[in-house]
Amino acid sequence: MEKKDFLCIGHITHDHIITPSMPEGVDSAGGTAYYVAWAMQHLPQDVRFGVVTAIGNDLYHEAERLSQAGIDIEVHPSKDSVFFENRYEEDMNKRHQRVLSKATPFTIDMLRTAEAEVFHLGTLLQDDFSPEVVEYLTTKGRVCIDVQGYLREVRGQKVYPTPWHDMMRVLKSTDILKVNEHEIDVLTNGQKDLHEAAKSIRSWGVREVLITLGSYGSVIYADDHFYDIPGYPPRQAVDATGCGDTYAAGYLYARAKGADYEEAGRMAAAMCTQKLEHTGPFDGTIDDINRIINDNHGK
């Protein structure tokens with residue numbers, strides 16, 4: 001695999017999604033690698049992008065679909081794939097999860113040939129990326145982490161919030177951290193002021209802090225400045241699964257293209273709006289993104 005501007009490393013998953021509008025549930029592929037890859041496939045192909053994943057035999061057809069669509073993907077075999085059940089309430093910001101199977105964690109040996117300017121680690125479960133793996137990648141490029149998996153412990157099939165025991169060690173090797181309002185609360189021991197919480201994370205070594213706030217938008221803290229990004233209202237809220245991953249894809253794509261923090265945040269937010277309107281990954285165009293931003297400019 002040639003060197004990428006942006007390489008996503010994470011498990012493609014089997015997801016069973018249950019929402020008030022889909023009470024019987026629907027099965028689909030998912031996971032950070034899946035949602036980021038399909039989002040990138042629908043954007044102009046002017047950023048060098050690739051995926052590294054580990055999956056069981058049941059999801060090889062999904063990796064093949066991505067490859068046939070033009071995504072450079074490297075697949076490592078795993079006995080099982082990650083299998084999530086995601087149950088949403090009427091408020092799409094509220095989700096309940098079960099884990100029905102897990103995949104093998106990523107190792108240094110898996111990633112020796114990985115080369116990128118930015119490595120985006122899509123953590124889904126606590127043991128996906130050890131501190132040693134993160135420290136290894138930081139010798140090769142910048143590291144971006146979606147924190148969600150580090151705060152999830154699986155007991156039986158249920159997912160429970162858990163402290164991140166290696167947090168300080170990992171954050172020293174993290175350039176960009178994506179968190180939501182619940183996760184930043186856990187990381188900073190209940191710091192109620194979002195700005196002070198972001199400053200705390202910055203003091204631990206992270207250069208860019210991305211805080212997603214669901215329908216309320218997002219906040220970016222970088223270069224000692226806060227950027228408040230609005231949330232653009234969807235025509236209808238259907239399925240929030242993958243919205244955080246879509247945000248990361250839009251942000252990292254825009255930054256790779258030279259966009260400033262606010263421009264990148266607005267693109268990420270607009271992509272989330274389009275994705276929220278249906279089940280499955282982002283499938284819009286750059287014109288759709290620009291339309292959403294322009295329609296909401298100044299509101």
Side-chain angles (χ1 to χ4, degrees), residues 6 8-13 15 17 19 28-40 42-43 51 82 84 86-89 91-97 118-126 128-129 143-152 159 161 164 174 176-187 194 198 201 206 208-221 229-232 234 237-255 264-284 289:
F6 160 26
C8 182
I9 307 172
H11 296 110
I12 298 174
T13 67
D15 288 354
I17 300 166
T19 71
S28 70
T32 296
Y34 179 81
Y35 283 105
V36 169
W38 279 115
M40 291 294 291
H42 282 86
L43 297 175
V51 172
V82 179
F84 276 116
N86 294 322
R87 183 184 297 271
Y88 290 92
E89 298 182 16
D91 179 351
M92 281 287 182
N93 296 317
K94 296 180 180 178
R95 177 174 69 179
H96 308 278
Q97 285 189 319
V118 175
F119 298 96
H120 178 50
L121 309 188
T123 71
L124 298 176
L125 298 171
Q126 194 175 43
D128 284 352
F129 298 95
V143 172
C144 175
I145 292 180
D146 186 326
V147 76
Q148 59 182 338
Y150 281 119
L151 303 179
R152 291 174 176 161
V159 179
W164 184 3
T174 304
I176 307 166
L177 189 74
K178 191 189 82 62
V179 295
N180 64 28
E181 68 270 36
H182 308 297
E183 293 159 352
I184 197 169
D185 183 71
V186 173
L187 296 188
L194 261 184
I201 292 174
V206 179
E208 298 173 39
V209 184
L210 316 179
I211 309 167
T212 57
L213 306 171
S215 58
Y216 300 106
S218 58
V219 175
I220 297 168
Y221 182 53
I229 310 300
Y232 305 125
V238 174
D239 182 9
T241 306
C243 276
D245 301 320
T246 303
Y247 186 99
Y251 182 84
L252 293 173
Y253 170 86
R255 292 288 290 149
R266 286 181 178 274
M267 178 171 183
M271 288 177 63
C272 286
T273 294
Q274 196 279 342
K275 183 267 156 292
L276 184 59
E277 294 175 346
H278 62 87
T279 294
F282 172 85
D283 61 0
I289 295 166

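Just so you know, these numbers come straight off a predicted model, no measurement behind them. This chain uses plain numbering: 1 for the first residue, then up along the sequence.
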Test item: Lys275 side-chain N/O and Ala240 main-chain N/O as donor-acceptor pair under 3.5 Å: no
Backbone of Gln274 reached by a side-chain donor or acceptor of Tyr232 within 3.5 Å: no
pair Thr241-Tyr88: side-chain heavy atoms closer than 4.5 Å: yes
Donor-acceptor pair, side chain of Thr123 and main chain of Asp146, under 3.5 angstrom: yes
Minimum side-chain heavy-atom gap Thr32-Gln148 below 4.5 Å: yes
Student check: side-chain heavy atoms of Val51 and Ile12 closer than 4.5 Å: no
Residue pair Tyr35 / Ser28: nearest heavy atoms and the distance that separates them: OH-OG, 4.5 Å
Plane angle bin for Trp164 and Tyr150 - parallel if under 30°, tilted between 30 and 60°, otherwise perpendicular: parallel
Residue pair Val36 / Leu252, side-chain heavy-atom distance below 4.5 Å: no
Side-chain heavy atoms of Met40 within contact of Phe6, under 4.5 Å: yes
Inter-residue atom distance Asn86.CG - His96.NE2, 0.5 Å rounding: 11.0 Å
Test item: Val118 and Arg255 side chains (from C-beta on) under 4.5 Å apart, heavy atoms: no
Test item: Glu183 side-chain N/O and Asn180 main-chain N/O as donor-acceptor pair under 3.5 Å: yes
Ile201 side chain near Tyr221 side chain, heavy-atom distance below 4.5 Å: no
Within-4.5 Å side-chain heavy-atom neighbours: Ile289 and Phe282: yes
Aromatic ring pairing Trp38/Tyr34, orientation class (parallel under 30°, perpendicular over 60°, tilted between): perpendicular
Separation of Asp283 CG from Glu277 CD (nearest 0.5 Å): 10.0 Å
